[in-house]
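These figures come from a predicted structure and were not determined experimentally.
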Amino acid sequence: MPEIAVSQKSKVQCYHCGEDCDEKTIIAHEKNFCCDGCKMVFEILNKTGMCDYYTISDNPGTNQRIKIREDKFAFLDDQKIQSALLIFANETETHVNFYLPQMHCSSCLWLLENLHRLNENVIGSKVNFERKEADIVFDHRKVSMRQVAELLASIGYEPYISFKDLKQQRPSLNMSKIYKLGVAGFCFANIMLFSFPEYLGIDSQELFLQGTFRYMNIILSLPVFFYSSSEFYISAWKSLKHGFLNIDAPIVLAVAVAFTRSLYEVLSGTGAGYFDSMAGIVFFMLIGRVLQDKTYQQLSFERDYTAYFPIAVTRIKEEQTEAVALPDIVLDDTLLIHHQELIPADGILTRGKAMIDYSFVTGESVPVEKEMGEIVYAGGKQIGSNIELLVIKEVSQSYLTKLWNRSELQRDRNDEERSFVHLLSRYFTWILFTIAAAAAIYWWLHDPSRIGQVVTAVLIVACPCSLLLSNTFTNGNILRRLGRNQFYLRNAQTIEDIANINYIVFDKTGTLTTGRYQDINYDGADISESIKEKIAVLASHSTHPMSKAIAEWTKQTSIQNISVADFKELPGKGIEGTVKGDRLKLGSAFFVQKTEQGSSLDSVVFVSVNGTVLGRFGFRNHYREQVPALMKKLRKLGYPISILSGDNAGEKEYLEEMLGKGTPILFHQKPEDKLEAIKKIQATGKRVMMVGDGLNDAGALKQADVGIAITENTATFTPASDVILEASMLPRFHQFLFMCKANKVLVWTAFIVSILYNIVGESFAVSGNLSPMVAAILMPASSLTILLISFGASNLLSWKMNLK
Amino acid sequence: MSWNGHDYPVTFTNITTPPTMSVIIILLLASISVAALFLGAFLWSVKTGQYDDEMSPPMRMLLDSVPAKESKEQVKVESL
């Protein structure tokens, strides 16, 4: 019976992390676990009676297959590092904030806020889910920061502590706009209330009431004019100082004119003024601003190398190991780099065999082997055994760091002046002045006493708030829509930049490919099962990722007990050994056949048995889902595409087939080459979008008009960019481009509608009939129409495209 | 603006006389101060960081838990 049950439910799920368990399922406490790590977490929680963790959400854990090195958090014993990390400390307690990227569900929240039940010396903890951070308070007399970090790691939430944490404080949220919005809303609503008697008409006997209401309005409009609108004054003043008229300038003009005229009317007893319209404009425009300024707290678009580097590494000093913070590494230090650890500084390899994964730094998909005495550059990840390095350049001087300090990457683009909205508003302002002047001349000829009244009415009613509203509301809504589909934009201006690009450059490794997995295809004579087994035995003796991939390809599982005699591994060439009497060789063409034949590319491995070549294994990067289909769609949309890869040219044919002949595909591109390539394309007048993932793309991402960083997990490091895109959403990339393009059309549509309202309003104003009531009806009506257009149309669009 | 004026009782045709107006003024002040109270509550809630994290409170309220020993400094530190 159990077998049937298993076959129906194809895979066994791990009770802790919910992932499929392979053959090595661990059964403990009548539950299945995929690995020891998951089981251990369960046991810790079980012991303290915290299994509620598993009932709040199903399989809430994260996979624990990769073990955390025992003394990984040893650096937290260092006083200097401690004091850089803690937020507050007194005699009895310490507050520290840890970034826990594994946090994802309500179970996580519950567990992390109940840390005090796991260790009584933890006083309390509070989770900020959006930032994936936990503020932890502990009694440092009884438990150390290192122990707290280890406690978190032991239950599956390993704190992510990077070099950056040492340097700067995290920025606090800017809530000033929210305050301004609150005040403006309060004043707007009350001014409207007090203006009702004016709209409805007041009996001549109620003049006392009328006066009271008008003076109340003055009082209420003061905070709006002096506090809430300051947002616009500052922005308009800044751009005026640069000799540039931005959209806020006419708005400031309208607000100021409305305020002074209303003040004059009330004080002179000639009218009620337009306090209601003024407060309304400010209120609605602040809503738009707040909507548009949606920020993704969990993401950072400004990361540099400091966020990628660890906070500390192990240094060997007089035969002793100690943790040392990155800035304290000096020349001639000897560093001990463990498996899966990052190399923080350029150095010479002095002990051990280095196998360094540079895929994130250079784009090479295959790890590089280094011999003792060779120079190892910072940024790579060591795979395999421990190595020792003699530092030859300090962290701030290393090759990788220097790339970041290039001057052209330091400048910031001016967001403001690029938007077409500002251009539009400038025309708008000039037309407005013309109308005002024409009306002034007309009334000067007919009834000079009304000039002031008419001109101010023209300026008040025609304020380009509709344009600004349509812009901010549409941007805000599209920003949210895209964010829900894991396409996170740095700010609203990026939408327009994306709509304007006409050239797309892709990185290969890690962007179009997953970088980690490789597809193998075997080409040659048939291999019998017994030979396959022998190949598997030989390949599994090497830690080289290609050997590992071959061993996996053979699908042989019971090979642990077969030994290899006379095993030899020649770095960069291949491996050989005798298995069950047969001499096997795996490696490059030259190594296996002693002849230079076929392609000289790294991504082919030949196999021979007793001197006869059987065939070759071709390695191909594993492309992300639907990449060819996406390329086709992008080309159909008319975007020229280029590929810049740091890898070797092994994939050239495949890429050409996918993109069509004549597509520029460049290989062996160093980070600077990529940057220069982007510059060259820009020099031909194209606006370039760069899509990349690694540190080697960082320069190009910054240089491009729009830089998009692809990541498999938004919690991990991404280089500075304008957009962060979750890799699983790459197949929908063309739809995101389309959304951004549609944004411009929507803003235009809303703008045209607002112009129609303006014509109606202006006709009242020019003829001298703009009563406060007409203004009070026109203003919200136009705003509401614009809201409907921008929200309705963008939601309809994303619904049609099946986006979330 | 006295309440015990000689023109009691008020008739609806007579609504414009100063004593009744004072009622409206009082109502007006009352309504403004109630609204101002709400404004104050809103500003306070923003200031104490209640909008910093919009995701965890809705989850937190559904979880039964043994309350932790609250630290007095906690709130102060978070608003840093």
Side-chain angles (χ1 to χ4, degrees), chain A residues 52 56-57 87-90 92-93 95 97 103 105-110 112-117 120 122-131 133 135 137 169-170 172-173 175-176 178-179 181-183 185-187 189-190 193-194 203-209 212-213 216 219-220 297-298, chain B residues 1 12-80:
Chain A
D52 281 355
I56 295 167
S57 328
I87 303 173
F88 168 85
N90 61 15
T92 52
E93 53 183 53
H95 296 241
N97 179 284
M103 198 190 295
C105 66
S106 45
S107 273
C108 303
L109 178 100
W110 178 82
L112 291 169
E113 296 205 335
N114 281 290
L115 276 183
H116 57 281
R117 285 170 65 187
E120 55 182 0
V122 174
I123 297 164
S125 49
K126 191 151 188 261
V127 166
N128 183 325
F129 207 86
E130 270 179 51
R131 300 173 84 111
E133 285 175 351
D135 283 313
V137 186
Q169 284 295 314
R170 61 211 165 105
S172 61
L173 279 180
M175 285 294 188
S176 72
I178 306 276
Y179 294 134
L181 181 64
V183 171
F186 165 77
C187 296
N190 283 298
L193 211 62
F194 295 146
D203 222 272
S204 57
Q205 289 168 300
E206 295 167 316
L207 284 177
F208 168 70
L209 254 189
T212 316
F213 284 148
M216 287 301 275
I219 295 170
L220 282 170
Q297 290 186 46
Q298 77 277 27
Chain B
M1 285 195 206
F12 285 103
T13 50
N14 204 17
I15 204 156
T16 56
T17 51
T20 16
M21 234 171 273
S22 67
V23 176
I24 291 180
I25 300 292
I26 288 167
L27 277 177
L28 193 141
L29 289 176
S31 79
I32 282 262
S33 36
V34 169
L37 219 64
F38 279 106
L39 175 68
F42 172 72
L43 295 181
W44 169 79
S45 70
V46 175
K47 192 166 180 139
T48 51
Q50 295 184 28
Y51 291 89
D52 290 359
D53 179 10
E54 291 163 25
M55 281 159 94
S56 36
M59 285 192 242
R60 202 175 281 139
M61 65 180 280
L62 295 175
L63 306 171
D64 313 311
S65 58
V66 187
K69 280 175 270 174
E70 277 294 334
S71 166
K72 276 172 197 154
E73 268 84 12
Q74 184 109 9
V75 174
K76 217 195 291 170
V77 167
E78 271 163 17
S79 61
L80 274 179

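- Contacts between A:Leu220 and chain B at a heavy-atom distance below 4.5 Å involve the side chain alone, from C-beta outward.
- With rounding to the nearest 0.5 Å, the separation of CD1 in B:Ile25 from CE in A:Met216 is 8.0 Å.
- Taking CZ from A:Phe213 and CG from B:Leu28, the interatomic distance works out to 5.0 Å, rounded to the nearest 0.5 Å.
- In this structure the side chain of A:Phe194 reaches within 4.5 angstrom of the side chain of B:Ile32, judged on heavy atoms.
- Contacts of A:Phe186 with chain B are made by side-chain atoms alone, with heavy-atom separations under 4.5 Å and no backbone atom involved.
- Heavy atoms of B:Leu39 lying under 4.5 Å from chain A belong exclusively to its side chain.
- Closest approach of B:Ser56 to A:Asn128, counting heavy atoms only: OG-CA, 4.4 Å.
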